[in-house]
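Note sheet for the following structure.
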Amino acid sequence: DAAASGEVGTRQRVGAVRFGARGGDHAHYRLYAKGHQRKPSALASTGAAVDDAAGGAQAGLRVDWAQGDQAVRVLADIYRSDIGEQGIARRADGAQLSVRWRRDFASGARLVVHGLVEQTELRTPTFHEQLDTVDLLTQYDVATAPNNRLIVGAGHRSSRDDTSNGPTLAFLPAKRTLSWSRVFAQNQYDIDERFSLALAASLEHNPYTGVEFLPSARLSWQLAPGHFTWASASRAVRAPSRIDREFYLPASPPYTLAGGPAFESEVANVVELGYRAQPSVTVSYALTAFRQDFDHLRSLQPTPLGLQFENGLAGRTQGLEASMSWRVNERWRLVGGATGLSRKIRPKPGAVDMGGEAALGNDPTHWWSLRSTLDLTPRLIWDVSVRRSGSLPAPAVPAYTDVDMRLAWSVTPDLEMALSVRNLADDRHPEWGAAANRIDFGRSAALQFRWRL
C-alpha cells in the first residue's frame with residue numbers, strides 16, 4: 001500500500017509519503033520520507049521575529065520477516081535538521097540501523113536480541129561534535145511456574161564522542177570513548193486471581209560513578225471486576241554525562257561555567273499509589289498519587305575559577321494525576337486529565353547554589369486538559385480541545401488557556417481533509433522563558449490531508 005499526508009498552514013508546512021509491500025511469502029517492507037518547515041516565532045515584548053526557524057527531512061526503511069518460531073525486524077533511518085537559536089545556526093544530521101531478532105520456544109519462553117548502530121553529528125559556527133554509538137541488548141523471558149514469569153537480560157552500549165572545540169566552549173578531553181553496561185531481572189508472581197507482585201532489579205555500570213543499583217517493586221490488586229489498584233516503589237538515577245564532568249565555558253580559565261570533577265549521580269526514590277476503574281462500558285477513570293524524593297541534584301557552586309557543577313541540591317515533588325474517558329453516546333466522546341504538583345528543591349546544608357535550581361524546571365502547580373470528539377455525520381468529525389496551565393514561578397509566566405479545533409472530512413474512504421485552528425482563546429500568549437526574551441505563541445491555522453493510494 002501507499003499513503004501521503006501534508007499540512008500547509010500559517011505556522012508550518014509538513015509533508016510525508018509512505019510505501020509498503022510484501023517481499024516474498026514471509027517478509028514485508030515499508031519505505032517512508034517526510035519533511036517540515038517552521039516559521040520563526042515572535043518576541044512577546046516587541047513582536048519582533050526570533051531567529052528560531054527550523055526545517056528538516058527524514059527517510060527510512062522497515063523490513064519485517066517472520067517464519068515459524070523466529071522473526072526479524074530491521075529499521076534504518078537518516079535525518080537532517082536545521083535550527084536557528086538566538087542567531088546561531090545549528091545543523092544536526094544522523095543515521096541509525098537497528099536489528100531485532102526474536103525466537104519463541106515450544107515451552108513458551110522467548111529470546112530477544114536487539115542491536116543498534118547510530119551516528120549523529122552536530123554543527124554550529126564554533127562547535128562540531130560527532131557521536132558514534134553501538135548498543136546491544138539480550139533478553140530472555142520464561143514462565144518458571146504457571147503463576148510466575150521471569151525476565152532476565154544484559155546490555156552494553158559504547159559511544160565514541162569526537163568534538164572540535166573552539167574558544168567559546170570545550171569538552172576536555174576533546175575525544176572520549178564511553179561505555180555503559182547493565183544486567184537486570186524481573187519476576188512477575190500472580191499470588192492469586194486478584195493479587196500480583198512484580199519485583200525487579202538492575203545493576204548498571206557507567207564510566208563516572210561505577211555500579212548503580214536500581215530496584216523496584218509493584219503490588220497490584222483487583223478490588224472487584226472493573227476496579228484495580230496498585231502501589232509501587234523504585235529507585236532511579238541519572239548518571240553523570242560529559243557536560244557534568246568535562247564541559248568548560250569558555251575553553252580556558254577563568255571559566256564562566258565548568259564541569260565538576262567529582263560530580264555524582266542524581267538520585268530519585270519514587271513511590272506511587274494508583275486506582276483505575278471502568279464502572280461501565282462507557283466510562284473509565286484513573287487516579288495516581290506520587291512522591292519523588294531527590295538527592296544529589298545538579299547545582300552551580302562558586303569557585304575561584306568560576307561556577308562549577310556540583311550535587312548541592314535536594315528536595316521532593318509530589319502530586320496527584322487524574323484522567324477520565326466518557327463515551328456520552330455513539331457519536332460523542334470526552335477525554336480529560338488533570339495534574340496537581342508541589343515541588344520543593346533547596347540547597348543541602350553547607351552547599352551554595354548560584355542558579356542550578358532554575359535549570360531543574362519551571363513547573364506550574366496545576367494543569368488540566370479536556371478533549372471532545374463529535375461525529376457530526378458519518379463523514380464529518382469535529383474535535384475541540386481545551387488546555388489550561390497554571391502560572392510559572394521563576395521566571396514568572398502568567399497562566400494561560402489554549403483552545404484548539406479540528407474539523408475533519410472523509411471525502412472518500414481513502415482521502416481525509418481537515419482544517420485545524422490553534423489558540424482560539426487569545427491571539428497571543430507566552431508559555432515559558434524570562435520576560436526579556438520569551439516568545440509568544442499566536443493563533444495559527446492549517447489545512448491538512450491524508451490520502452491512502
Side-chain angles (χ1 to χ4, degrees), residues 66 68-71 73 100-114 137-155 182-204 211-237 267-294 316-327 333-342:
D69 57 5
Q70 299 188 64
R73 172 172 294 174
R100 181 180 185 270
W101 173 73
R102 189 195 76 221
R103 169 75 184 276
D104 296 326
F105 298 92
S107 62
R110 170 174 291 182
L111 176 65
V112 176
V113 179
H114 181 264
L137 176 68
T138 301
Q139 179 176 302
Y140 184 66
D141 183 347
V142 61
T144 57
N147 59 341
N148 195 87
R149 194 157 197 94
L150 177 66
I151 300 174
V152 295
R182 63 186 295 234
V183 293
F184 60 90
Q186 175 180 306
N187 193 77
Q188 178 79 35
Y189 177 58
D190 296 330
I191 302 172
D192 56 28
E193 294 181 353
R194 297 195 301 165
F195 289 92
S196 179
L197 176 64
L199 299 175
S202 176
L203 290 174
E204 300 188 358
V211 177
E212 301 282 359
F213 179 54
L214 309 177
S216 67
R218 180 184 176 96
L219 178 64
S220 306
W221 178 22
Q222 183 174 334
L223 302 171
H227 296 265
F228 182 82
T229 188
W230 75 91
S232 67
S234 61
R235 179 182 188 268
V237 303
V267 179
N269 294 306
V270 182
V271 177
E272 292 185 350
L273 179 64
Y275 175 73
R276 185 173 70 243
Q278 185 172 355
S280 70
V281 295
T282 60
V283 175
S284 64
Y285 59 90
L287 296 170
T288 302
F290 60 89
R291 173 169 167 164
Q292 303 159 340
D293 290 299
F294 299 102
R316 72 168 58 101
T317 61
Q318 56 189 5
L320 180 67
E321 295 179 341
S323 63
M324 58 79 66
S325 176
W326 178 26
R327 182 167 289 280
R333 183 184 179 189
L334 295 173
V335 177
T339 300
L341 179 69
S342 171

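- Residue Q278 holds its CD atom at 9.5 Å from NE2 of H227, rounded to the nearest 0.5 Å.
- Between the side chains of S325 and R333, at least one donor-acceptor pair of N or O atoms lies under 3.5 Å.
- One distance of note links CZ of R327 with CG of L334; it measures 10.5 Å at 0.5 Å rounding.
- With values rounded to the nearest 0.5 angstrom, H114 atom NE2 is found 14.0 Å from W101 atom CH2.
- Annotation: side chain of L111 is in contact with side chain of F105 (closest heavy-atom distance under 4.5 Å).
- The salt bridge (Lys or Arg N to Asp or Glu O under 4.0 Å) analysis of residues 182-197, with sequence neighbours excluded, yields the pairs R182-E204.
- Distance check, rounded to the nearest 0.5 Å: CZ of F290 to OG of S232 gives 12.0 Å.
- If you take CG on L199 and CG on L150, they are separated by 11.0 Å, rounding to the nearest 0.5 Å.
- Considering only heavy atoms from C-beta on, W221 comes within 4.5 Å of L223 through its side chain.
- Counting only heavy atoms from C-beta outward, the side chains of Y189 and N147 approach each other to under 4.5 Å.
- Between E272 and W230, the closest side-chain pair of non-hydrogen atoms falls below 4.5 Å.
- Using modelled atom types, one finds no donor on one side chain facing an acceptor on the other under 3.5 Å when comparing E321 with T288.
- Side-chain contact check for E212 versus R235: some heavy-atom pair is nearer than 4.5 Å.
- Listed by chain and residue number, nothing satisfies the ring-ring contact (aromatic ring centres under 6.0 Å, His included) test with Y285 (two or more places apart in sequence, or in another chain).
- Across all non-hydrogen atoms, the minimal contact from A154 to V183 is CB-CG1, 3.9 Å.
- Taking all atoms of both residues into account, the shortest heavy-atom contact from G108 to R149 is O-NH2, 2.9 Å.
- Atom OG of S220 is separated from atom CD of Q188 by 7.0 Å, given to the nearest 0.5 angstrom.
- L273 and A231 get closest at one heavy-atom pair: CD1-CB, 4.0 Å.
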